[in-house]
Amino acid sequence: MSEKLKELRERSQKRKKLLAQTLGVSSVSELRHALGATLDVPAKKQAVPGPGNEGNEKPTAKEQPDELVYTDSSTFLKGTQSSNPHNDYCQHFVDTGQRPQNFIRDVGLADRFEEYPKLRELIKLKDDLIAQTATPPMYLKCDLKTFDLKQMGNKFDVILVEPPLGAGWRWQDVLALDLQQIAQARSFIFLWCGSSEGLDMGRECLKKWGFRRCEDICWIKTNIKNPGHSKNLEHNAVFQRTKEHCLMGIKGTVRRSVDGDFIHANVDIDLIISEDPEFGSTEKPIEIFHIMEHFCLGRRRVHLFGRDSTIRPGWVTIGHELTNSNFNAELYASYFAEGRESTGCTERIEALRPKSPPNTSKGARTRARGGFRARGRGRPAM
């Protein structure tokens, strides 16, 4: 058996296990019964005897593969009321309460690059380098409504803002934060803003803090563990909201062609797919940290409105929900002395990293320094 055939059979087996889990059957062997399938296959063509080959018939070179033949899809599609397969498939989601995003394959960090060994190697090498160069975790318990951010005594390359809207905070309170006081001349900000009104107010905040919006990371929420229609609908929502947005902004001039010491574009995508947290939970997917660390090589990172559960090596966590503090401004600044401001890179990482194709169009105008710019001024290619 060739390696390719073996790989295809393994992938097919994984899909069958996932389908068995979705339909609630105990094993793959019961799928045939659940799907109304049979192993009956069309009869093979018999060889027509010819002169000289009586009694010496040879079997066909390729055996018919063992496969499922679906004779009844009503169990799988749950409520087939039309002859349109697309409508029947959509009806399956309506009847079971499963969100369509539940059926997207390989969304987890562990198995996302299972079929792409070079990308898997790239991510592992970057993660190892990030872990080796990470500063010890520091945290500061304070009320950001009254705390003067100048007291931090440091400025940061990456700023993550996770405002606790509805828990004593409004967008006007977030807008009043002086985040420009802790942002490096060239830096990036990531702002969780929910949806609807948050998309507008988030842009206002970035503008006030001196950042230009350059990307929008979307968190798509699955309900695999708790299928059914949401009982926690927002009163002003037109649709059931199953996503959140994290706006990304840039400050200063950063260009991929000359700032490879500070950024690595094209490593991650702008989409996160993970389970919807329990009602009342403020936890965000941990993948947002991977996206930020993979993209920006700057080692100075701060998380505003963090909690004990979000304390992380390489980050300073600030928030009123923390139970303790260990932040020391002088000690923290010492971690970046003698040119140790970046995680650095290796030849292997640079060789594996996806590159943007060069601009070969004739007469293309040379862009000024500042390749990452907002829409309308030359949108960055991430």
Side-chain angles (χ1 to χ4, degrees), residues 11 14 18 99-130 157-162 188-195 198-199 202-203 206 211-224 241-250 254-256 259-260 262-277 283-298 301 303 312 314 343 345 349-357 371-375 378-382:
R11 289 167 58 184
K14 287 182 180 179
L18 178 61
R99 298 175 185 171
Q101 56 262 38
N102 291 0
F103 299 89
I104 301 176
R105 293 180 54 225
D106 302 334
V107 298
L109 289 172
D111 54 5
R112 178 170 307 165
F113 304 106
E114 179 182 356
E115 301 174 15
Y116 304 93
K118 287 188 177 180
L119 286 177
R120 186 170 64 246
E121 181 186 358
L122 169 64
I123 297 303
K124 182 181 184 307
L125 290 175
K126 285 190 71 72
D127 287 342
D128 290 344
L129 188 58
I130 290 167
D157 306 310
V158 179
I159 302 173
L160 173 62
V161 186
E162 194 179 324
F188 296 94
I189 192 168
F190 294 80
L191 172 63
W192 283 107
C193 59
S195 57
L199 289 170
R203 285 168 168 80
L206 297 190
F211 289 86
R212 306 181 301 279
R213 191 203 68 83
C214 61
E215 287 293 345
D216 180 351
I217 300 170
C218 189
W219 174 24
I220 306 295
K221 303 177 182 180
T222 61
N223 67 342
I224 297 174
R241 292 177 178 165
T242 63
K243 62 178 176 58
E244 288 188 37
H245 296 264
C246 181
L247 298 181
M248 174 183 175
I250 178 177
V254 181
R255 191 173 182 180
R256 286 177 295 178
D259 291 309
F262 190 61
I263 58 168
H264 269 179
N266 306 327
V267 177
D268 289 286
I269 61 174
D270 57 358
L271 189 66
I272 300 174
I273 303 176
S274 66
E275 187 72 4
D276 195 354
E283 295 296 325
K284 297 295 189 288
I286 194 173
E287 187 172 343
I288 190 66
F289 288 101
H290 293 267
I291 292 175
M292 293 182 290
E293 293 168 354
H294 290 170
F295 171 70
C296 183
L297 307 186
R301 315 179 190 103
H303 180 192
R312 182 179 177 88
T343 61
C345 188
I349 288 177
E350 191 60 27
L352 292 169
R353 183 173 66 85
K355 312 293 193 308
S356 295
F372 285 82
R373 291 177 288 183
R375 285 186 189 273
R379 183 173 181 259
M382 299 299 286

- request: Answer whether the closest heavy-atom distance between the side chains of L199 and C193 falls below 4.5 Å.
  value: yes
message: Once you measure the plane-to-plane angle for F295 and F188, does it fall in the parallel (<30°), tilted (30-60°) or perpendicular (>60°) bin?
response: perpendicular
- prompt: Can you check whether I130 reaches H294 side chain to side chain, under 4.5 Å on heavy atoms?
  reply: yes
field: Closest non-hydrogen atom pair, G202 against L247
entry: C-CD1, 3.7 Å
- request: Can you measure from SG (C246) to CG (D216) and round to the nearest 0.5 angstrom?
  value: 8.0 Å
- request: State the CZ-CD distance between R105 and E114, to the nearest 0.5 angstrom.
  value: 8.0 Å
message: Apply side-chain contact (heavy atoms from CB on, under 4.5 Å) to residues R301 and L160 and explain how you reach the verdict.
response: CA-CA 8 Å; R301 315 179 190 103; L160 173 62; over 6 Å; no
- prompt: Are I288 and W219 close enough that some pair of their side-chain heavy atoms sits under 4.5 Å apart?
  reply: no
- prompt: Taking the side chain as C-beta and beyond, is there a heavy-atom pair between M292 and H303 under 4.5 Å?
  reply: no
query: What residue among K243, R241, R99 forms salt bridge (Lys or Arg N to Asp or Glu O under 4.0 Å) with D276?
result: R99
task: Heavy atoms only: give me the nearest I291-I217 pair and the separation to one decimal.
output: CG2-CD1, 4.0 Å
field: Residues E244, K221; criterion salt bridge (charged side-chain N to carboxylate O under 4.0 Å, His left out); working and verdict
entry: CA-CA 8 Å; E244 288 188 37; K221 303 177 182 180; 2.7 Å; yes
- line: Taking every heavy atom of L119 against every heavy atom of P354, the minimum-distance pair comes out as CD2-CG, 4.3 Å
message: Just verifying a value: how many Å separate F190 CZ and F289 CZ, rounded to the nearest 0.5 Å?
response: 11.5 Å
message: For the CD1 atom of I349 and the CG atom of L297, what is their distance to the nearest 0.5 Å?
response: 9.0 Å
Pair R353-E350, salt bridge (charged side-chain N to carboxylate O under 4.0 Å, His left out): steps then yes or no: CA-CA 5 Å; R353 183 173 66 85; E350 191 60 27; 2.8 Å; yes
- request: Would you indicate whether the side-chain heavy atoms of I286 and R312 approach each other to under 4.5 Å?
  value: yes
query: Rounded to the nearest 0.5 Å, how far apart are CG of L271 and CD1 of I273?
result: 4.5 Å
- prompt: Any side-chain heavy-atom pair from H290 and D127 closer than 4.5 angstrom?
  reply: yes
field: Over-ring placement of K284 relative to W192, 6.0 Å and 45° cut-offs
entry: yes
field: Distance in Å, I189 CD1 paired with C214 SG, rounded so as to fall on 0.5 Å steps
entry: 11.0 Å
task: Using side-chain contact (heavy atoms from CB on, under 4.5 Å) as the criterion, point out the one residue from N223, V107, T242 that pairs with Q101.
output: T242
- prompt: Would you say D270 and M248 make side-chain contact, with heavy atoms under 4.5 Å?
  reply: no
- request: Scan R120, E121, K126 and name whichever one has a side-chain contact (heavy atoms from CB on, under 4.5 Å) with L352.
  value: E121
